[in-house]
Amino acid sequence: MGHKQKETEIATGGENNNLVEDLNELMRVRREKLGEMRGRGLEPYGGRFERTHSARFIVENYLALENKPVTIAGRIMSKRGMGKASFAHIQDATGQVQIYARLNDVGEATYDLFGKLDIGDIIGVEGSVFKTRMGEITVAVAKLRLLSKSLRPLPEKWHGLRDVELRYRQRYVDLIVNPAVMAVFETRSKIVRAFRNFLDGRGFLEVETPMMQVIPGGAAARPFITHHNALDINLYMRIAPELYLKRLLVGGFEKVYEINRNFRNEGISTKHNPEFTMLELYEAYADYNDMMNITEELISSVAAEVLGTTSIDYQGTKINLAPKWDRIPMLEAVKQHSGLDFSLIKTAAEAQTVVKQARLGIELEASDTRGSILNKIFEEIIEPKLIQPTFITDYPVEISPLAKRKAEDPELTDRFELFIYGREMANAFSELNDPIDQRGRFVSQAEKRRAGDEEAHMMDEDYINALEYGMPPAGGLGIGIDRLVMLLTNSYSIRDVILFPLMKPRD
RNA sequence: GGGCCAUUAGCUCAGUCGGUAGAGCACCUGACUUUUAAUCAGGGUGUCGCUGGUUCGAGUCCAGCAUGGCUCACCA
């Protein structure tokens, strides 16, 4: 292997690059070509390049462009040399187009350069549009410029990059060789834009609230901790923007929303990434019924706008997103599916006994309350069955510390969650605006915390302070953007809709 | 964190009973002036994830570790 290293040293191209790297044959050859080009006065990393057309535009507008000059740029994705003429495909953001170089047309210097080009190199091409004998729309090269020399070989041309670990770790390669991946992220962008358009059109104001918080509130989750050096204090990455957005309602904003990242220090799975994107919106003088209506309209209209249909296929299951969606109170859903009538159960002790007798296979803890037991039954036996969009309403107060109690039953709240394909897609409620009740809820959460529940809410005195000034009654809604994008792009894993999902570092 | 599975060339993958490393693409050399997974002739480019162990001999068997996937737990 000694001789290989010596060659590598020679092959590194720049005069001031004396690094001896352990390069394989493929990379060594590319560096040699780089050095050779520099030696002939050709700069392999070009600058500004003005294009007149995109690949797709040329392919879709052949009649108008036949024999017309075009200037395009992109990455070489395939190459076929035939002696004194050569073909290649170049790819830009819109797709691929074939290019054709003929020795007689371009001259020896350019043809030689064309021959030296590798798959992966980025080039600019000036030429005219024609159709080959086989009928493929092609740009006949007149001038050629190397814009970026690629030093690493791309994955194979028809299997592409399959190794999921490499795909996530080196998303840039995934995007180059797997067009479907780029399409997913284009759709994601369209979905988010459609959300904003919808809300802006209804008079909502987009705002930004702190990502770094002194008290991480608004959800039950373990936060990430970080440190501010100058202040010498620990801060938490937010688990939700909720309490800040509601402070804005106190301040007088009446319709606000935020689409941004939340961070939760919990497990990673096909449905969980430590950072994920949430839409939260708040509307003063509205309630959770208004939130159900807006959820239906938002999701169905975004699907119609981005996908052109409200009837989608997710992992082989047909899902109909057209309104209206079922609205079922949790008590009723539990009664239907388990036969247990919680309206007759008044205490935690009764609930414990009844659930054990029913042999539902649900594990309970001594600390479980009537409401948390009800929720466990729901999550265990009903949630997975909610394939078509379904609102489950009226959640127990114990697991809803920020939601308004139902007027008819103070043990329940004016809250719903939306389920599609057995997954929670949205969570919303009539916001609790009674500062005294809110303080009581925080106090009982703080007790849970003391008892070891790391996910229980923390007391937030400033939030209580805000409520004491008076918050208008309001409806609030949260939608998990990543999960919605998964649904609308038929993606199996959340990692397929997040450009750079968190991966454990190598080594 | 538990269980199961995977890790071999740049990529996609074979590798039998433990006997000293294979294919396709890519790449290199040559031929070819409208090709289409271009074709034809020739060339194998490797720390078999890592560390130990068993063995005359380990890609293969055993143990530990690492990374990833699935799954359960936790969550959105």
Side-chain angles (χ1 to χ4, degrees), chain A residues 1 4 7 22-30 32-33 76-89 96 98-106 111 116 118-120 130-140 150-170 173-174 176-178 218-222 239-240 261-280 363 379 383 417-420 423-427 453-455 478-484 486 492-495 501 503-507:
Chain A
M1 293 296 155
K4 197 172 186 177
E7 284 174 13
D22 184 20
L23 301 175
N24 68 36
E25 170 79 11
L26 298 175
M27 291 198 278
R28 208 199 71 226
V29 167
R30 286 177 181 229
E32 280 169 2
K33 287 179 180 172
I76 298 175
M77 298 304 289
S78 64
K79 234 184 118 189
R80 294 170 293 283
M82 305 190 47
K84 295 184 178 64
S86 296
F87 292 88
H89 275 96
Q96 296 193 2
Q98 182 168 258
I99 61 173
Y100 171 64
R102 230 167 68 114
L103 176 60
N104 292 12
D105 297 339
V106 300
Y111 195 75
K116 287 270 186 319
D118 288 306
I119 289 172
F130 77 108
K131 208 179 253 185
T132 63
R133 233 174 250 161
M134 302 302 289
E136 178 156 356
I137 294 156
T138 302
V139 174
S150 169
L151 299 178
R152 287 178 182 274
L154 285 174
E156 199 211 354
K157 61 183 165 189
W158 62 81
H159 291 106
L161 185 64
R162 291 236 175 107
D163 184 318
V164 287
E165 186 177 351
L166 278 179
R167 287 188 44 227
Y168 299 146
R169 285 188 192 280
Q170 301 188 35
V173 180
D174 193 26
I176 292 169
V177 300
N178 294 325
R222 285 159 68 177
I239 54 175
R261 228 67 65 77
N262 290 345
F263 307 86
R264 299 192 184 173
N265 206 340
E266 284 155 359
I268 296 173
S269 77
T270 49
K271 295 167 207 72
H272 302 85
N273 193 61
E275 53 177 315
F276 62 100
T277 303
M278 282 277 289
L279 159 69
E280 285 203 13
E363 290 197 18
E379 287 184 347
E383 205 177 289
E417 288 191 356
L418 167 67
F419 295 89
I420 305 177
R423 294 177 185 166
E424 182 188 337
M425 302 294 298
N427 179 21
D453 184 351
E454 287 182 81
E455 290 170 8
I479 296 178
I481 296 292
D482 309 275
R483 288 188 178 175
L484 188 71
M486 286 168 72
Y492 177 73
S493 168
I494 197 168
R495 287 175 163 163
M503 301 290 278
K504 201 165 177 177
R506 288 198 155 258
D507 304 326

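Comparing the C1' positions of U34(B) and G43(B) gives a spacing of 30 Å, expressed to the nearest Å. Rounded to a whole angstrom, the distance from the P atom of A41(B) to that of C25(B) is 12 Å. Taking atom P in both C61(B) and G19(B), the straight-line distance is 11 Å, to the nearest Å. U39(B) and C50(B): their P atoms are spaced 35 Å apart (whole Å). For the P atoms, the distance from G44(B) to G2(B) is 47 Å, rounded to whole Å. For the C1' atoms, the distance linking C5(B) with G42(B) amounts to 41 Å, nearest Å. Nucleotides G52(B) and G46(B) place their C1' atoms 23 Å apart, quoted to the nearest Å. A gap of 12 Å separates the C1' atoms of G59(B) and U47(B), to the nearest Å.
Whole-Å rounding puts the Lys79(A) NZ to U39(B) P distance at 16 Å. One can place CE of Met77(A) at 18 Å from P of C25(B), the figure rounded to the nearest angstrom. If you measure from atom CG of Asp118(A) to atom C1' of C27(B), you get 9 Å, rounded to the nearest angstrom.
In this structure, the aromatic ring of Phe87(A) is not positioned over the six-membered ring of the base of A38(B) within 5.5 Å between centres and 30° between planes.
Base engagement by Glu136(A) is indicated by at least one non-hydrogen atom pair under 4.0 Å involving a base atom. Among the atoms of the strands shown, none is found under 4.0 Å from any heavy atom of Ser86(A). Among the protein residues, Tyr492(A) comes within range of the sugar-phosphate backbone only, with heavy atoms under 4.0 Å from sugar or phosphate atoms but none that close to a base. Counting any heavy atom pair closer than 4.0 Å across all strands shown, Ala220(A) reaches sugar-phosphate atoms only and no base atom. Residue contacts shown for Met503(A) are limited to sugar-phosphate atoms, with no base heavy atom under 4.0 Å away. Residue contacts for Asn273(A): at a heavy-atom cut-off of 4.0 Å it reaches a base atom on one of the strands shown.
Taking every heavy atom of both residues into account, Arg222(A) and Glu266(A) meet most closely at N-OE2, 3.2 Å. Ala221(A) approaches Ile239(A) most closely through the heavy-atom pair O-CD1, 3.9 Å. Closest non-hydrogen pair, Met77(A) versus Ile176(A), comes out as CE-O, 3.6 Å. The shortest non-hydrogen separation linking Met486(A) to Ser493(A) is CE-C, 3.8 Å.
Side-chain nitrogen and oxygen atoms of Lys157(A) include at least one within less than 4.0 Å of the OP1 or OP2 phosphate oxygen of A38(B). Dashed line: the shortest gap from a side-chain N or O of Arg169(A) to OP1 or OP2 of G68(B) is under 4.0 Å. Within the 4.0 Å cut-off from OP1 or OP2 of A73(B), not a single side-chain nitrogen or oxygen of Lys271(A) is found. Checking the phosphate oxygens (OP1, OP2) of U35(B), no side-chain nitrogen or oxygen of Arg80(A) falls inside 4.0 Å.
At most 12 heavy atoms of other shown residues, nucleotides or ligands fall within 6.0 angstrom of atom CZ in Arg261(A). Within a 6.0 Å sphere centred on CZ of Arg80(A), other residues, nucleotides and ligands contribute more than 12 heavy atoms.
Residue Lys84(A) places its side chain closer to C32(B) than to any other of A76(B), U67(B), C32(B). Of the candidates U71(B), U67(B), C28(B), the closest approach to any side-chain atom of Lys33(A) belongs to C28(B). Relative to the side chain of Arg483(A), the nucleotides A76(B), U35(B), U67(B) differ in distance, and A76(B) lies closest.
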Quiz prompt | Letter per nucleotide, 5' to 3', of nucleotides 3-13 of chain B [B base touched, S only sugar-phosphate touched, - untouched; heavy atoms, 4.0 Å] | solution = -------BBS-
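For RNA chain B, the stems formed by at least three consecutive Watson-Crick or G-U pairs, with both atom-pair distances below 3.5 Å, span B:1-7 with B:66-72, B:10-13 with B:22-25, B:27-31 with B:39-43, B:49-53 with B:61-65.
Residue Thr138(A) places no side-chain atom within donor-acceptor reach of the base of U34(B), judged by atom type and a 3.5 Å distance cut-off alone. Judged by distance alone, with hydrogens and angles left aside, Arg133(A) brings no side-chain donor or acceptor close enough to the base of U34(B) to form a pair under 3.5 Å.
A residue-by-residue look at Pro274(A) and Val164(A) shows that Val164(A) has its nearest nucleotide of RNA chain B further toward the 5' end.
The backbone N or O of Ser150(A) sits nowhere less than 3.5 Å from a side-chain atom of Asp118(A) that would complete a donor-acceptor pair. The backbone N or O of Thr277(A) sits less than 3.5 Å from a side-chain atom of Asp482(A), completing a donor-acceptor pair.
Each of Gln96(A), Lys79(A), Glu136(A) was checked for a side-chain hydrogen bond (donor to acceptor under 3.5 Å, both in side chains) with His89(A), and the lone residue meeting it is Glu136(A).
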